[in-house]
Structures are given as C-alpha cells and as structure tokens.
Amino acid sequence: MSDSAVLSFTDRAAAKVRALRDDEGNMALKLRVYITGGGCSGFSYGFTFDEQTRDDDTVIENGDVALLVDAMSVQYLAGSEIDYDQGLMGSRFVVQNPNATSTCGCGSSFSI
C-alpha cells in the first residue's frame with residue numbers, strides 16, 4: 001500500500017533518513033515508525049531502519065527515501081506528520097499526531 005495522504009513525511013525527515021542511509025552505504029534502508037504499548041501516556045512511538053517492506057505496510061515516499069508503517073500502527077498515526085527536529089534537547093524524529101489526546105513531556109508517548 002502506498003498512500004502519502006495517510007501520513008506526511010517532511011523534507012527534513014527525509015533528508016536525515018537519506019544521510020543516515022548514505023552513511024551506512026545501504027540504499028535499501030527505509031525508516032519504519034511503529035506504535036507500541038508503554039511509556040508514561042499509554043502508547044509509545046518507535047523508530048527503526050528496515051530493509052524489508054511487508055505486504056501490509058503503508059509506504060510513504062519522499063524523493064528517493066521511504067517511510068514504512070505496519071497495519072496496526074497506521075490506524076493510530078492517520079493524519080500524522082513525521083519530522084526531524086534538531087534543538088538544544090538533541091536531535092530526533094518526531095511525530096505530530098492529531099489523534100493524540102495527551103502526550104508526555106518528551107513527546108515520545110501519547111494517549112488516545
């Protein structure tokens with residue numbers, strides 16, 4: 001499934017994925033975002049790199065890089081924006097999730 005309307009993958013996040021992928025010398029790497037139980041607000045965001053695209057993955061492309069979301073996680077991430085933030089608190093991928101009714105202070109967990 002390929003659907004950029006489900007989530008948006010910013011140019012800044014795509015540029016960071018491209019740089020990390022190029023540093024690894026592996027053009028098959030894709031950023032995977034997923035939801036898992038836990039964190040101080042009930043659900044947590046997770047990020048990892050993956051070479052494999054599963055049959056039930058949603059694929060969001062930005063130029064020559066791709067973001068993968070599994071079928072379970074996509075329902076919680078519908079309408080979200082995946083960005084990359086660099087600031088005084090460090091650098092990280094961030095999720096702006098319109099479905100979250102509350103988030104923890106660090107932004108890595110949320111509730112619906």
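All heavy atoms count here, side chains included; hydrogens, waters and symmetry mates do not. Quantities reported herein were computed from a predicted structural model and do not represent experimental measurements. Residues: numbered from 1 along the sequence shown.
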*Just jot down the side-chain contact (heavy atoms from CB on, under 4.5 Å) partners of Ala28, sequence neighbours excluded, or say none.*
Asn26, Glu51
*Judged by modelled atom types alone, do Asn97 and Tyr76 share a side-chain donor-acceptor pair under 3.5 Å?*
no
*asked:* When you compare the side chain of Leu7 with that of Val69, does any pair of heavy atoms fall below 4.5 Å?
replied: yes
*Sequence neighbours left out, what passes ring pair (Phe, Tyr, Trp, His ring centres under 6.0 Å) with Phe49? Give chain and number order.*
none
*Could you list the residues that satisfy side-chain hydrogen bond (donor to acceptor under 3.5 Å, both in side chains) with Thr53, not counting sequence neighbours?*
none
*Residue pairs passing the ring pair (Phe, Tyr, Trp, His ring centres under 6.0 Å) test where at least one lies in residues 77-98, sequence neighbours excluded*: Phe47-Phe93, Tyr84-Phe93
*So how far is it from Leu68 CG to Ser73 OG, rounded to the nearest 0.5 Å?*
11.5 Å
*How far does CG of Asn62 sit from CZ of Phe9, to the nearest 0.5 angstrom?*
6.0 Å
*asked:* Suppose we screen for side-chain contact (heavy atoms from CB on, under 4.5 Å). Which residues come up paired with Glu81, at least two apart in sequence or across chains?
replied: Ser8, Thr10, Asp83, Gln96
*Closest contact, heavy atoms only, Ala78 versus Pro98*: O-CG, 3.8 Å
*asked:* Once salt bridge (Lys or Arg N to Asp or Glu O under 4.0 Å) is applied, do any residues pair with Arg32, and if so which ones, sequence neighbours excluded?
replied: Asp50, Asp57
*With sequence neighbours excluded, tell me which residues meet salt bridge (Lys or Arg N to Asp or Glu O under 4.0 Å) with Asp23.*
none
_I'd like to check Leu31 versus Val65 (side-chain heavy atoms, cut-off strictly below 4.5 Å). Are they in contact?_
no
*asked:* Could you see if Tyr45 belongs to whatever hydrophobic cluster contains Leu20? Use Ile, Leu, Val, Met, Phe, Trp, Tyr and a side-chain cutoff under 4.5 Å.
replied: yes
*Could you walk me through whether Asp22 and Met27 pass the side-chain contact (heavy atoms from CB on, under 4.5 Å) check?*
CA-CA 7 Å; Asp22 292 349; Met27 298 301 285; 3.7 Å; yes
*asked:* Just verifying a value: how many Å separate Lys16 NZ and Gln86 CD, rounded to the nearest 0.5 Å?
replied: 6.0 Å
*Please name all residues satisfying ring pair (Phe, Tyr, Trp, His ring centres under 6.0 Å) with Tyr34, sequence neighbours left out, ordered by chain then number.*
none
*Sequence neighbours excluded, every pair satisfying ring pair (Phe, Tyr, Trp, His ring centres under 6.0 Å) that has a member inside residues 53-75*: none
_Qualifying salt bridge (charged side-chain N to carboxylate O under 4.0 Å, His left out) pairs with a residue from residues 67-80, counting only residues at least two apart or across chains_ = none
*asked:* Please check: side-chain N/O of Gln75 versus main-chain N/O of Met72, any donor-acceptor pairing under 3.5 Å?
replied: yes
*Which atom names give the shortest non-hydrogen contact between Asp64 and Arg21, and what distance separates them?*
O-NH1, 2.9 Å
_Counting C-beta onward and ignoring hydrogens, is there a side-chain heavy-atom pair between Val6 and Val74 closer than 4.5 Å?_
yes
_Asp85: which residues meet the side-chain hydrogen bond (donor to acceptor under 3.5 Å, both in side chains) condition with it, sequence neighbours left out?_
none
